[in-house]
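Residue numbers begin at 1 in each chain, while the letters A, B, ... track the order of the sequences. Computed from a predicted model, the values in this text were never measured in an experiment.
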There are 2 protein chains.
Amino acid sequence: MNLEQASRQLEALGNPTRLQLYRTLVRAGPAGLPVGGLQERIGIAASTLSHHLKRLVETGLVTQERQATTLICRAHYPAMDALIGYLADECCADAGCVAVAAAAS
Amino acid sequence: MNLEQASRQLEALGNPTRLQLYRTLVRAGPAGLPVGGLQERIGIAASTLSHHLKRLVETGLVTQERQATTLICRAHYPAMDALIGYLADECCADAGCVAVAAAAS
DNA sequence: CCTCTATTTCCATCATACCGGAAGGATAGA
DNA sequence: TCTATCCTTCCGGTATGATGGAAATAGAGG
């Protein structure tokens with residue numbers, strides 16, 4: 001994980017629609033959700049949704065698996081782990097950060 | 001911490017220059033750095049730097065303290081804690097996330 | 001008041017993001 | 001093959017972001 005990759009992932013999550021999208025996928029759990037299901041829940045145009053999803057997939061935060069004509073989307077936890085780890089490292093380099101202190105306890 | 005605030009902070013960090021800025025401030029530790037010191041290290045125009053800093057301050061990720069004519073900037077750890085906490089909650093709502101498992105151990 | 005330094009705001013330019021309608025694949029089933 | 005569904009890509013408009021030079025502001029000190 002380097003600064004460029006981290007910033008790309010952060011930017012991907014730094015849009016309310018995409019963050020909501022990611023959140024929805026997390027709440028959907030390991031089963032994931034098809035693109036159409038996401039569209040129902042979020043309520044945006046299919047093309048807009050596809051753009052956002054593409055961004056999340058490109059940055060590795062979401063994976064997609066084809067099942068016949070439907071595309072199942074899932075939150076890709078390892079990517080979020082790595083991102084949080086990077087932020088925590090940056091944040092807590094001087095051990096002044098509560099998050100790592102809590103994790104260490 | 002709600003979705004809008006989280007996405008604004010994520011967007012603020014989702015720019016390579018701003019993430020580098022934040023990282024520099026974290027590495028500077030509690031003493032912080034003046035704006036001019038940041039400019040030396042990052043090497044961008046003062047106006048550009050000021051724009052980026054404004055964004056980081058507005059989102060609460062960085063604080064500023066005036067000392068005579070110089071402005072000392074510091075990473076504001078509680079904000080990062082809250083953001084990481086939000087991401088971890090979203091990510092690990094179904095306990096499928098390694099980060100929280102590690103924190104819990 | 002004048003000046004010097006530090007920083008911000010103003011302003012303009014260029015690039016990129018966001019949005020969604022319309023058209024174009026991809027896949028399954030009749 | 002024909003059709004229907006699901007999703008993506010193409011395209012256009014509008015908005016927002018990034019960048020930095022120039023001018024303005026803030027504070028310290030003569």
For the pair made of [atom1] in [X] and [atom2] in [N], what is the distance, rounded to whole Å?
X	N	atom1	atom2	value
B:Leu33	C:dA6	CG	C1'	15 Å
B:Leu21	D:dA18	CG	C1'	14 Å
B:Arg18	D:dG17	CZ	C1'	8 Å

Short N/O separations, protein against nucleotides 12-14 of chain D, under 3.5 angstrom:
none

Check your understanding: Judged by atom type as modelled, is there a donor-acceptor pair below 3.5 Å linking the side chain of B:Arg18 to the main-chain atoms of B:Ala12?
Key -> yes
Review point. Sub-3.5 Å donor-acceptor pair from the side chain of A:Glu11 to the main-chain atoms of B:Glu11, do we have one?
Key: no
Counting C-beta onward and ignoring hydrogens, is there a side-chain heavy-atom pair between [X] and [Y] closer than 4.5 Å?
X	Y	value
A:Leu3	A:Tyr86	yes
A:His76	A:Val62	no
A:Ile72	A:Arg66	no
A:Leu13	A:Met80	yes

Practice item. Tell me whether the OP1 or OP2 atom of D:dG17 has a side-chain N or O from B:Asn15 closer than 4.0 Å. Key: no
Exercise for review: Considering non-hydrogen atoms only, spot the tightest contact between B:Leu38 and B:Leu21 and give its length.
Suggested key: CD2-CD1, 4.1 Å
Practice item. Could you tell me whether B:Gln67 atom CD has more than 12 heavy atoms of other residues or ligands within 6.0 Å of it? Key: yes
**Study point:** Heavy-atom protein contacts under 4.0 Å, nucleotides 4-10 of chain D, coded B base, S sugar-phosphate only, - none
**Key:** --SSBBB
